[in-house]
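Presented below is the structure to which this report refers.
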Amino acid sequence: MGSTSAHDTSANGTTANSSSAPAGEGLGRRSLIKRSAALGLISVPTMSFLSACASGGTSDGGDKVEKGTKSEKNPLGVNGSAPLDFVLFDGGFGQQYAKDAVKVYETTYPQAKVKFTATQKITTELQPRFNGGNPPDLIDNSGAEQMDMGVLVGQKQLADLTALLDAASIDDPNKKVRDTLRPGIVEMGQFDGAPVWILYYAYTVYGVWYSQKLLDSLDAKYPETWDEMLAVCEKAKKKGIAGWTYAGKHPYYVPFSLYPMIAKVGGREVLDAIDNLEPKAWEHPAVKACFEAYYELQRKGYILQGTPGLDHIQSQTAWTEGKALFIPNGSWVENEAAKTMPADFNLAVSAPTGIDSSDKMPFGTIWASGGEPFIVPAKAKNVEGGMEQLRIMLSEASSKNFTKSVKSLTAFNGGTDGIELTPGLKSGVAALDKAGQNVVNPRLQDWYVALQKEKIGVAGIGEMMAGRATPAETIKKIQKFADEAAKDSSIKHYKHQ
């Protein structure tokens with residue numbers, strides 16, 4: 001989820017989206033919120049941001065550093081002697097990739113003093129700095145305490161990164177940074193119009209993850225239709241293996257495969273209508289068909305017993321132990337679950353199974369998008385320095401370093417040449433190749449964080465997957481949540497352009 005980056009984190013977790021969160025990541029990544037923290041970390045900070053911005057905070061940003069002179073090697077006009085304040089989310093991707101990129105900044109600008117901080121408490125530690133008008137220069141806004149992107153953008157707390165995107169890339173002065181990025185990265189950072197407020201650094205492949213070894217042991221192939229899915233799950237059940245598990249305490253992981261399935265069945269315009277909070281969007285026949293399909297997994301006993309009580313780490317551990325065949329997740333899972341994943345697991349990912357040949361989009365339609373959202377605050381003292389650190393991170397060398405160390409792709413379109421890809425990463429690249437142009441990118445997780453996670457995810461899909469609500473009841477409930485959000489004047493609303 002977007003971010004963040006967009007997904008939930010633990011001490012060893014990462015985002016998805018986030019980021020994640022996301023996936024983040026990982027994917028947004030990245031950027032899912034723990035159920036117990038929903039009110040404390042979303043609603044309260046949101047009100048604080050609104051209050052602070054309404055009153056203008058305590059600083060007008062007048063203490064910004066003096067800009068440097070632009071040149072071919074310094075296209076952003078960085079002040080080489082100015083300090084840089086960089087705060088990183090300390091999640092499943094770790095800190096080393098960022099520390100390595102900081103070393104490049106320090107080598108390039110030897111007079112600059114870089115303050116590098118890693119934390120999981122993004123909101124707790126940074127909200128007071130935003131409210132006081134003294135935010136860091138660069139932030140990895142990810143994890144369970146991710147600050148609400150919609151609020152940050154709506155209250156003009158972020159710098160427009162267009163200057164970074166239009167600057168020359170590190171590797172080729174004749175190529176702009178924006179021309180080196182993977183499809184969808186620029187668009188993900190946009191909320192309303194041309195400005196780009198967020199740079200998602202990791203590139204997350206969301207889908208259905210499994211052990212190729214375990215699937216082969218069942219003498220089965222990955223199912224392309226739902227009848228085939230049910231047949232594979234029945235085969236697994238007879239061997240004492242559950243067909244599916246998921247993060248039951250954080251059921252907003254289920255959309256990582258459910259949302260692209262909805263697009264596959266009904267077309268990407270169905271997801272766009274959902275993102276746009278259009279009336280009756282959730283009542284589309286494609287949504288009904290996909291909800292009923294997932295409910296059938298629960299009704300037929302194909303979901304690992306006890307799954308509704310498992311968090312993301314517990315469900316992943318049960319899955320790596322071979323207790324369940326499939327799990328909806330993002331590509332951060334290869335790094336996050338590494339400690340419990342057997343060496344011969346042969347991790348693989350696939351696009352979601354569809355209903356049948358009448359689906360609007362082909363098999364292979366997948367959700368892939370940026371995770372691990374980086375932002376440069378508008379009131380940062382060294383805006384150019386924050387963007388320059390990102391420019392360095394988007395070089396081929398930094399991208400390769402990230403991919404080798406954390407088993408994930410970056411926003412840089414390449415950076416895998418000469419690297420021996422791990423099984424999951426190799427499978428993710430293959431899935432992207434198969435998808436081609438059939439890549440979807442739902443925006444609920446970055447546009448409406450609380451709606452996506454707590455209402456649609458926990459109160460809606462979570463209850464259905466636990467067998468406590470029917471698909472029809474769930475659709476009715478979720479449409480009500482969406483309608484309420486659409487009518488809420490305190491929320492800034494966004495639409496696909």
Side-chain angles (χ1 to χ4, degrees), residues 3-5 19 28-29 61 64-80 82-88 97-98 101-102 104-106 108-109 112 114 135-142 149 152-153 156-203 369-399 402 410-415 446:
S3 105
T4 277
S5 36
S19 154
R29 21 282 306 302
K64 290 182 181 293
V65 303
E66 185 178 340
K67 293 184 180 181
T69 303
K70 291 186 178 182
S71 65
E72 184 175 335
K73 291 186 177 181
N74 185 8
L76 291 167
V78 175
N79 181 335
L84 180 71
D85 189 350
F86 179 4
V87 176
L88 182 84
Y97 78 94
V102 165
V104 177
Y105 188 99
E106 291 174 327
T108 306
Y109 305 100
V114 180
D137 303 311
L138 178 63
I139 303 167
D140 174 14
N141 182 31
S142 197
M149 295 294 193
L152 289 171
V153 173
K156 305 186 188 308
Q157 292 288 316
L158 303 184
D160 180 5
L161 301 179
T162 298
L164 164 66
L165 297 174
D166 287 340
S169 68
I170 293 287
D171 302 299
D172 184 353
N174 296 314
K175 185 178 288 188
K176 294 180 180 179
V177 169
R178 68 168 69 243
D179 298 326
T180 69
L181 303 179
R182 293 184 185 278
I185 291 294
V186 171
E187 290 76 13
M188 273 200 73
Q190 296 172 325
F191 276 64
D192 220 354
V196 178
W197 308 109
I198 305 162
L199 194 290
Y200 288 86
Y201 186 64
Y203 196 72
S369 63
E372 217 64 23
F374 282 77
I375 55 176
V376 176
K379 291 186 178 180
K381 291 183 176 66
N382 191 0
V383 169
E384 290 76 26
M387 291 189 191
E388 177 70 357
Q389 182 66 83
L390 277 175
R391 193 173 77 99
I392 290 169
M393 291 169 64
L394 291 168
S395 67
E396 183 172 7
S398 288
S399 179
F402 179 87
T410 73
F412 178 78
N413 195 4
D446 5 89

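Keep in mind it's a predicted model, so treat the numbers as computed, not measured. Atoms considered below: every heavy atom in the structure, side chains included; atoms not considered: hydrogens, waters and symmetry mates.
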Expected output: side-chain D137 to main-chain F86 donor-acceptor under 3.5 Å | no

Gap separating the CD1 atom of I170 from the OG1 atom of T108, nearest 0.5 angstrom = 7.0 Å

Reported CG-to-CG distance for the pair N74 and N79, which is rounded to 0.5 angstrom | 9.0 Å

Smallest separation among heavy atoms of A378 and V383, with atom names = O-CG2, 4.2 Å

Start with the C-alpha gap between I198 and M188, add the side-chain angles, then the distance that decides, and say whether side-chain contact (heavy atoms from CB on, under 4.5 Å) holds.
-> CA-CA 8 Å; I198 305 162; M188 273 200 73; over 6 Å; no

Report the distance from atom CE of M387 to atom OG1 of T162, rounding to the nearest 0.5 Å.
-> 8.0 Å

Applying salt bridge (Lys or Arg N to Asp or Glu O under 4.0 Å), name anything that partners R182, two or more places apart in sequence or on another chain.
-> none

Are the side chains of R178 and D166 in touch, meaning some heavy atoms are under 4.5 Å apart?
-> yes

Nearest atoms (heavy-atom pairs only) where A168 meets P173 = CB-O, 3.5 Å

Hey, are the side chains of I185 and Y203 touching, using non-hydrogen atoms and a 4.5 Å cut-off?
-> yes

Across all chains, not counting sequence neighbours, the salt bridge (Lys or Arg N to Asp or Glu O under 4.0 Å) partners of K70 are none

Roughly how far, to the nearest 0.5 Å, is CG of L138 from CG of L84?
-> 7.0 Å

Working for side-chain contact (heavy atoms from CB on, under 4.5 Å), residues L158 and F191 = CA-CA 12 Å; L158 303 184; F191 276 64; over 6 Å; no

Checking Q389 side chain against A101 main chain: does a donor-acceptor pair fall under 3.5 Å?
-> yes

Which value, rounded to the nearest 0.5 Å, describes the distance between K381 atom NZ and D85 atom CG?
-> 8.0 Å

Modelled atom types, side-chain donor and acceptor of D171 and S169, under 3.5 Å | no

Listed by chain and number, what are the side chain to side chain donor-acceptor pair (under 3.5 Å) partners of D172, not counting sequence neighbours?
-> none

Quick check: does any side chain N or O of S398 sit under 3.5 Å from a backbone N or O of L394, one acting as donor and the other as acceptor?
-> no

Contact summary for I375 and N141, nearest pair of heavy atoms = CD1-CB, 3.9 Å

Exercise: identify the closest heavy-atom pair between P75 and E72 | CD-O, 3.8 Å

Check: K64 side chain, A380 main-chain N or O, donor-acceptor pair, under 3.5 Å = yes

How close do P377 and I139 get, heavy atom to heavy atom, and via which atoms?
-> CG-CD1, 3.7 Å

Strictly under 6.0 Å, is that where the ring centroids of F402 and Y201 end up?
-> yes

Taking atom CE of M393 and atom OG1 of T410, what is their separation to the nearest 0.5 Å?
-> 9.0 Å

Do the side chains of L88 and F374 get nearer than 4.5 Å, heavy atoms only?
-> yes

Go through V177 and L390 one step at a time and tell me if the side-chain contact (heavy atoms from CB on, under 4.5 Å) criterion holds.
-> CA-CA 10 Å; V177 169; L390 277 175; over 6 Å; no

For the residue pair S399 and G415, what are the closest heavy atoms and their distance?
-> OG-CA, 4.2 Å

